[in-house]
Amino acid sequence: MADALKIVVLNRLADRHVTAIKNVIPEAEIVISDEEHAVEHMPDTNILVTWGTFDARPLYLQAPNLQWIHALSAGVEGLLFPEIRSSEIVLTNSKGIHGIPVSEHVFAMILSFTRGLNVFLRQQDRKNWARRTPTEEVHEKTIAIVGLGSIGREIAKKAKGFGLHVVATKRTLTTEIFVDKLYPADQLPEMLAIADFVVVALPLLDETKEMFQLDLFNAMKKSAYFFNIARGSLVKEADLITALREGIIKGAGLDVFEEEPLPENSPLWEMPNVIITPHIAAFSPLYLDRAVKMFADNLTRFVQNRELLNVVDKTKGY
Ligand code: OXD
């Protein structure tokens, strides 16, 4: 099987990445393609490496020999179309490589609010030396992580360094060294009520879609800041806008949105208590190195017929 293996990667790779893959299977044919031209390679493709937001269905329909789809991202929403859910094809993701950049991004946003950078950067644009904006400390405040996984764990670790109390919801309530208190998912409102900073780090599933609505914003402190670095559709955006406008919460740091790019007419752009980044929380010069290493490690398992890591449960969606 090994010498017939054809791997199509829908992303540019550096030579060192191709070498890392070749080191696992020197005979493999590795095709680096864009989405438009990939279809011509599909009839004899065995492994497709792509992003989880990409709608791979049209390629899948032309790929009778496909055995495995690997997502370079953590989210796999574009890869969970009905035919793949019911097929034998293995789907894996890159869960586990996002913790460092995403946690740094979360703290960049938290500290921007507490040190007033959301205001001072706007003042700087107008050369305005005004010192009225109050600043705060995070020390001894409480951060709540909704959905503690590998990203949440890195956030919790950094939070401890800043002297924060850390609370989190998690599917299974095992001990976590950087978390002071774990809550079961059904006690989310109680946890939100004590938090100064709320960070959403959940996967987008049928049961988490639009989970954050007005009731949950109402459960938060008026002084709370809300951060979403996961998926926009976890939040009912209209309700978040209401919460920000009416002072139900104090501010929001948002990397993801219901519709991306965020439409020009979204009121979020104009809100002084909102920090927007364009879905880049995980970006890092090391991202692809880590993602390709993860794929190459899994490829080793694949050729040895061992169980793959990070297999997505296609019925659950994560
Ligand atoms: C991902 C992301 O899913 O960065 O990997 O959004």
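Quick note: numbers below take in every heavy atom, side chains included, and nothing from hydrogens, waters or symmetry partners. The first residue of the sequence shown is numbered 1, and numbering continues consecutively from there. What you see is a predicted model, and the numbers here were worked out from it, not measured in a lab.
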> Distance from Leu216 atom CG to Glu210 atom CD, nearest 0.5 Å?
Replying inline: 12.0 Å

> Hey, are Asp180 and Lys160 close enough for a salt bridge, meaning a charged N less than 4.0 Å from a carboxylate O?
Replying inline: yes

>> For the CD atom of Gln213 and the CD atom of Glu237, what is their distance to the nearest 0.5 Å?
In response: 13.0 Å

> So which heavy atom on Gly317 is nearest to which on Val312, and how close?
Replying inline: C-CG1, 3.9 Å

>> For the aromatic rings, using the six-membered ring if either is Trp, is the centroid distance between Phe197 and Phe113 under 6.0 Å?
In response: no

> Going by atom types alone, do Thr277 and Asp255 pair a side-chain donor with an acceptor below 3.5 Å?
Replying inline: yes

> Taking all non-hydrogen atoms of both residues, which atom of Gly152 and which atom of Ile145 are closest, and how far apart?
Replying inline: O-CD1, 3.5 Å

> CG of Leu13 to CG of Leu10: how many Å apart, nearest 0.5 Å?
Replying inline: 10.0 Å

>> Please give me the minimum heavy-atom distance between Arg231 and Gly75, naming the atom from each residue.
In response: NH2-CA, 3.4 Å

> Backbone N or O of Ala71 within a donor-acceptor pair of the Ser94 side chain at under 3.5 Å?
Replying inline: yes

>> Determine whether Asp297 and Lys293 satisfy the following criterion, salt bridge (Lys or Arg N to Asp or Glu O under 4.0 Å), listing intermediate values before the conclusion.
In response: CA-CA 6 Å; Asp297 289 349; Lys293 179 173 183 327; 2.8 Å; yes

>> Tell me whether Lys181 forms a cation-pi arrangement with Tyr183, defined as NZ or CZ under 6.0 Å from the six-membered ring centre and within 45 degrees of its axis.
In response: yes

> Quick check: are there more than 12 heavy atoms from other residues, nucleotides or ligands sitting under 6.0 Å from CD of Glu270?
Replying inline: no

> Closest heavy-atom contact between Thr133 and Gly116?
Replying inline: CG2-CA, 4.4 Å

> Roughly how far, to the nearest 0.5 Å, is the OH atom of Tyr60 from the CD1 atom of Ile69?
Replying inline: 8.5 Å

> Looking only at heavy atoms, what is the nearest atom pair of Asp44 and His41, with distance?
Replying inline: OD1-O, 3.1 Å

> When you look at CG of Asp206, are more than 12 heavy atoms from neighbouring residues, nucleotides or ligands closer to it than 6.0 Å?
Replying inline: no

>> side-chain contact (heavy atoms from CB on, under 4.5 Å), that's the test. Do Thr92 and Met294 meet it? Break it down for me.
In response: CA-CA 10 Å; Thr92 55; Met294 180 167 268; over 6 Å; no

>> Check whether Asn273 reaches the backbone of Gly251 with its side chain - one donor and one acceptor, N or O, closer than 3.5 Å.
In response: no

> Counting only heavy atoms not in Asp15, do more than 12 sit closer than 6.0 Å to its CG atom?
Replying inline: no

>> I'd like to know whether CZ of Arg122 has more than 12 heavy-atom contacts from other residues, nucleotides or ligands below 6.0 angstrom.
In response: yes

> Between Phe227 and Tyr225, how do the two ring planes meet: parallel, tilted or perpendicular, split at 30° and 60°?
Replying inline: tilted

> Crowded around Arg306 CZ? As in, over 12 foreign heavy atoms under 6.0 Å?
Replying inline: yes

>> Could you tell me if the side chain of Glu136 sits less than 4.5 Å from the side chain of Ser223, heavy atoms only?
In response: no

> Atom CG of Leu72 and atom OH of Tyr287: how far apart are they, to the nearest 0.5 Å?
Replying inline: 6.5 Å

>> Once rounded to the nearest 0.5 Å, what's the spacing between atom CD of Gln123 and atom CG of Leu117?
In response: 11.0 Å

> Does Ile97 belong to the same Ile/Leu/Val/Met/Phe/Trp/Tyr cluster as Leu79, with side-chain heavy atoms less than 4.5 Å apart forming each link?
Replying inline: no

> Do any N or O atoms from the side chain of Asn65 and from the backbone of Pro43 form a donor-acceptor pair under 3.5 angstrom?
Replying inline: yes

> Which atom pair, heavy atoms only, marks the closest approach of Lys6 to Asn46?
Replying inline: N-OD1, 2.7 Å

> Taking the six-membered ring for Trp, is the centroid-to-centroid distance between Phe257 and Trp269 below 6.0 Å?
Replying inline: no

> Only one of Val311, Asn298, Leu48 clears side chain to side chain contact (heavy atoms under 4.5 Å, CB included) with Trp68; which?
Replying inline: Asn298

> Around atom CD of Gln124, are there more than 12 heavy atoms of other residues, nucleotides or ligands at under 6.0 Å?
Replying inline: no

> Aromatic rings Phe226 and Phe212: how do their planes relate, parallel, tilted or perpendicular, breaks at 30° and 60°?
Replying inline: tilted

